[in-house]
Amino acid sequence: MKNKYDEIIKERLENRREWATYYRWLLTHRELHQKAKKAYYNERPLQNLIVKLYFLPLNFVRFFSHFFDRCRYDMIEKEIEVLNDELDDKNK
């Protein structure tokens with residue numbers, strides 16, 4: 001039974017590491033996009049205001065999407081810590 005439990009933990013840990021890698025990639029690309037967008041609109045304040053007002057509902061959706069992705073990433077990182085601790089406890 002213990003061996004099966006260890007295999008489940010290892011498989012879950014591998015899965016969570018893959019998801020953490022994906023979310024790191026996703027958040028990095030979003031941050032790069034935001035930096036490029038900020039640099040572009042820094043020289044065009046009127047256009048920036050018009051675009052922000054026009055896309056206000058979509059910007060709310062994007063904000064919350066980014067917020068929830070960040071929460072998921074943090075939760076996955078915490079789960080990786082817990083799984084590593086559990087694996088270490090079982091091996092001792």
Peer 1: I want to check something: taking the side chain as every heavy atom from C-beta on, are Ile80 and Asn84 in contact at a cut-off of under 4.5 Å?
Peer 2: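 Side chain of Ile80 against side chain of Asn84, heavy atoms only: contact under 4.5 Å found.
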
Peer 1: Restricting to side chain to side chain donor-acceptor pair (under 3.5 Å), what partner residues turn up for His29, sequence neighbours left out?
Peer 2: Trp25

Peer 1: Which Ile, Leu, Val, Met, Phe, Trp or Tyr residues join Val51 in one cluster when any pair of side-chain heavy atoms under 4.5 Å counts as a link?
Peer 2: Tyr40, Tyr41, Tyr54, Phe55, Leu58

Peer 1: If two hydrophobic side chains count as joined below 4.5 Å and joins carry through other members, does Ile8 share a cluster with Val82?
Peer 2: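 Different clusters.
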
Peer 1: Is Tyr5 linked to Leu13 within one hydrophobic cluster, defined over Ile, Leu, Val, Met, Phe, Trp and Tyr using a side-chain heavy-atom separation of less than 4.5 Å?
Peer 2: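 In one cluster: yes.
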
Peer 1: Tell me, do Tyr73 and Asp69 make a side-chain contact under 4.5 Å, heavy atoms counted?
Peer 2: no

Peer 1: Looking at Arg30 and His66, what are the two nearest heavy atoms and their distance?
Peer 2: NH1-CA, 3.2 Å

Peer 1: Give me the ring orientation class for Phe64 and Phe60: parallel if the planes are under 30° apart, tilted from 30 to 60°, perpendicular past 60°.
Peer 2: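 It falls in the parallel class, under 30°.
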
Peer 1: Any non-hydrogen side-chain atom of Tyr23 less than 4.5 Å from a side-chain atom of Leu26?
Peer 2: yes

Peer 1: Not counting sequence neighbours, list each pair that qualifies as a salt bridge (Lys or Arg N to Asp or Glu O under 4.0 Å) and has a residue in residues 40-68.
Peer 2: none

Peer 1: Does a side-chain heavy-atom distance below 4.5 Å link Lys38 with Asn42?
Peer 2: no

Peer 1: To check you understand the geometry: which heavy-atom pair defines the closest contact between Leu83 and Arg12, and what is its length?
Peer 2: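 In terms of heavy atoms, the two residues are closest at CD1-CG, 3.5 Å.
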
Peer 1: What I want to find out is whether Glu7 reaches Lys10 closely enough, with some N-O distance under 4.0 Å, to be called a salt bridge.
Peer 2: no

Peer 1: State, with a plain yes or no, whether a side-chain heavy atom of Arg72 is found less than 4.5 Å away from one of Tyr22.
Peer 2: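 In short, these two side chains do not touch, never coming nearer than 4.5 Å.
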
